[in-house]
Undergrad: 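Here it is, the structure, as structure tokens.
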Amino acid sequence: MKNKISRFIRKELLDFKPYNSARDEFVNDGRDMILLDANENPFKSDHNRYPDPMQIELKNRIADWKKVNIDQLYLSNGSDEFISQIIMSCCEPSNEHIIILPPTFGMYKVSASIHGVQVKEVPLDSKFQLDVNTILKTANKQSKIIFIPTPNNPTANSFNTNAIKNIIEGFSGLVVVDEAYIEFNNQPSFINLLDDYFNLVVCQTFSKAQGMAGARLGMAFANRDLISFLNSLKAPYNLNSLTINAAIQRLDQQDLVKKQVRFILKERQRLEIAFSEISFIKTIFPSDANFLLIRVDNSRLRYNQLLAQGIVVRNSSKNISCGNTLRISVGIQEENNSLISALRNIDI
Ligand SMILES: *Cc1c(COP(=O)(O)O)cnc(C)c1O
């Protein structure tokens, strides 16, 4: 089985023998058992037992929702943990590298650095789209993963679907399509293409539209061999029972989530119109996400002026091609009203 994925993963992990936790060795057949296998406190409370290491109940629910098989699904302590795991599992420190496409999400590079893995950067073009030719020309035998967040953070736009497909088809390593903002975008998910592309990995999160950033829950979807390998390397109890229970409840509230998403999109449009009347806002970049990237006359000045009025935005200016930009999340109505008044106050 490992043969099919051996080109993706670190050579020294090919014969890896995973740790077996107590709960891994016993399969519950539905009977009420007396659990004396894991040195837990036996007095019952909501959380005296270790959580299910394979998160079967939650995975079944997510598999139904996303229309995948449960063995195509890896759950993580936020997407951050998945990003770290996939880099650690696939890239040999010093020798091998990942490819990122700046301006891009900051965690890919941070995670690679922590694991001693090199990073090659291929900037987006002037429209913040993928430079497919340069990406494919930059890739070589040591390139293990290309990270493509779409819609992209911090630029807010989504990438051309065919361009992403061309990268997946032209690259022999893994392509991670990070769909953290997929609920705000009307394009179909790359999850639908998992059967077509063996080197495709898709990740999504409960942190954005799902409204559970504090619970830390990420989902990764890929071919079952790779998922099985990722599961064998993970910390046995990487998801805690509070998070598992909260996520199961959230899955019953998808109508509410959809309503919130519609509201956020309407508010985003209202902000765009208000921003277009502020003289120091020079560009409002097109957004497919729950935030707007804007270019202003002086980002540090405007950032500080907003801060003085009690409003915290992100100064995204240090990213390549993002000089004098601010990244602003869409809030609830009153928050957006306050933002608009604050911008008007300083627009003199
Ligand atoms: C916010 C974000 C994430 C989410 O990470 P979590 O660890 O799940 O909170 C992942 N990718 C991108 C591009 C993001 O912007």
Side-chain angles (χ1 to χ4, degrees), residues 55 58 62 66 73-88 98-112 114-115 119 121 124 128-130 145-159 164 174-185 187 189-191 200-222 230 234-235 238-240 242-244 246-247 250-251 257 260-261 264 268 285 287-293 312-316 318-320 322 325-331:
Q55 306 117 5
L58 177 56
I62 292 175
K66 298 291 176 180
L73 174 58
Y74 173 82
L75 298 182
S76 56
N77 192 302
S79 289
D80 289 348
E81 189 217 12
F82 158 73
I83 292 163
S84 170
Q85 285 293 102
I86 191 121
I87 292 173
M88 186 268 287
I98 63 165
I99 296 178
I100 62 171
L101 316 169
T104 190
F105 183 48
M107 277 309 289
Y108 311 135
K109 190 176 192 170
V110 168
S111 220
I114 289 171
H115 292 298
V119 178
E121 305 193 5
L124 300 176
F128 288 149
Q129 282 294 328
L130 301 165
I145 311 173
I146 301 178
F147 284 96
I148 307 181
T150 185
N152 188 33
N153 179 5
T155 63
N157 61 303
S158 43
F159 295 130
I164 299 176
L174 292 175
V175 176
V176 173
V177 176
D178 181 344
E179 298 183 330
Y181 300 96
I182 183 83
E183 291 96 331
F184 301 104
N185 188 6
Q187 289 180 15
S189 167
F190 270 78
I191 289 177
L200 168 65
V201 185
V202 180
C203 67
Q204 298 183 1
T205 177
F206 275 67
S207 294
K208 305 289 158 59
Q210 294 300 322
M212 285 190 25
R216 316 302 303 127
L217 177 58
M219 305 171 273
F221 307 87
L230 287 175
K234 79 179 181 66
N238 62 329
L239 290 197
N240 66 78
L242 292 158
T243 297
I244 292 174
R250 198 62 170 161
L251 291 176
V257 171
Q260 291 177 344
V261 166
I264 290 165
R268 186 185 78 198
F285 292 93
S287 172
D288 294 311
N290 62 336
F291 60 90
L292 287 163
L293 185 76
V312 190
V313 299
R314 188 88 192 249
N315 187 345
S316 39
K318 62 179 188 310
N319 294 287
I320 287 179
C322 290
T325 61
L326 299 174
R327 195 193 68 187
I328 303 179
S329 311
V330 179

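Counting starts at 1 for both ligands and their atoms, following the listed order. Excluded from the calculations below are hydrogen atoms, water molecules and symmetry mates; all remaining heavy atoms, backbone and side chain alike, are included. Numbering starts at 1 and runs along the sequence shown.
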Undergrad: Just to verify, what does F159 make a ring-ring contact (aromatic ring centres under 6.0 Å, His included) with, not counting sequence neighbours?
TA: none
Undergrad: Just jot down the ligand 1 atoms closer than 4.0 angstrom to any heavy atom of T205, in number order.
TA: 6 (P), 8 (O)
Undergrad: If you count the atoms of ligand 1 from 1 in the order shown, which ones are under 4.0 Å from a heavy atom of D80?
TA: 5 (O), 7 (O)
Undergrad: Among all protein heavy atoms in this structure, tell me which lies nearest to atom 11 (N) of ligand 1, with the distance rounded to 0.1 Å.
TA: D178 OD2, 2.6 Å
Undergrad: Which residue is it: I164, L101, L174? I am looking for the one with a side-chain contact (heavy atoms from CB on, under 4.5 Å) to I146.
TA: L101
Undergrad: Within a distance under 4.0 Å of any heavy atom of F105, pick out the atoms of ligand 1 and give their elements.
TA: 2 (C), 3 (C), 10 (C), 11 (N), 12 (C), 13 (C), 14 (C), 15 (O)
Undergrad: Please find the pair of heavy atoms, one from P151 and one from A156, that lie closest to each other, and give the distance.
TA: CB-O, 3.8 Å
Undergrad: Hey, is CZ on R314 packed in by over 12 heavy atoms from elsewhere, all under 6.0 Å?
TA: no
Undergrad: Which ligand 1 atoms, with their elements, are less than 4.0 angstrom from a heavy-atom of Y181?
TA: 1 (C), 14 (C), 15 (O)
Undergrad: List every atom of ligand 1 that sits less than 4.0 Å from any heavy atom of A180, numbering the atoms from 1 in the order shown and giving each element.
TA: 2 (C), 3 (C), 10 (C), 11 (N), 12 (C), 14 (C)
Undergrad: Which residue holds the protein heavy atom closest to atom 7 (O) of ligand 1, what is that atom called, and what is the gap in Å?
TA: R216 NH2, 2.6 Å
Undergrad: Under a plain distance cut-off of 3.5 Å, with no hydrogens placed, do T155 and N152 share a side-chain donor-acceptor pair?
TA: yes
Undergrad: Between N153 and R327, does any side-chain donor sit less than 3.5 Å from a side-chain acceptor?
TA: yes
Undergrad: Which atom pairs, one a donor and one an acceptor, fall under 3.5 Å between side chains of residues 103-112 and the rest of the protein, sequence neighbours left out?
TA:
{"unit_1": "Y108", "atom_1": "OH", "unit_2": "D178", "atom_2": "OD2", "d": "2.7"}
{"unit_1": "K109", "atom_1": "NZ", "unit_2": "E121", "atom_2": "OE2", "d": "2.6"}

Undergrad: Would you check if there is a donor-acceptor pair between the side chains of E183 and Q210 at a distance under 3.5 Å?
TA: yes
Undergrad: Tell me the protein heavy atom at minimum distance from atom 14 (C) of ligand 1, and give that distance in Å.
TA: K208 NZ, 3.2 Å
Undergrad: Which residue holds the protein heavy atom closest to atom 9 (O) of ligand 1, what is that atom called, and what is the gap in Å?
TA: S207 OG, 2.6 Å
Undergrad: Show the atoms of ligand 1 that are less than 4.0 angstrom away from any heavy atom in G78.
TA: 7 (O), 8 (O)
Undergrad: Are any of the N/O atoms in Y108 less than 3.5 Å from those in ligand 1?
TA: no
Undergrad: Between the candidates S79, S76, A213, which shows the shortest non-hydrogen contact distance to atom 6 (P) of ligand 1?
TA: S79
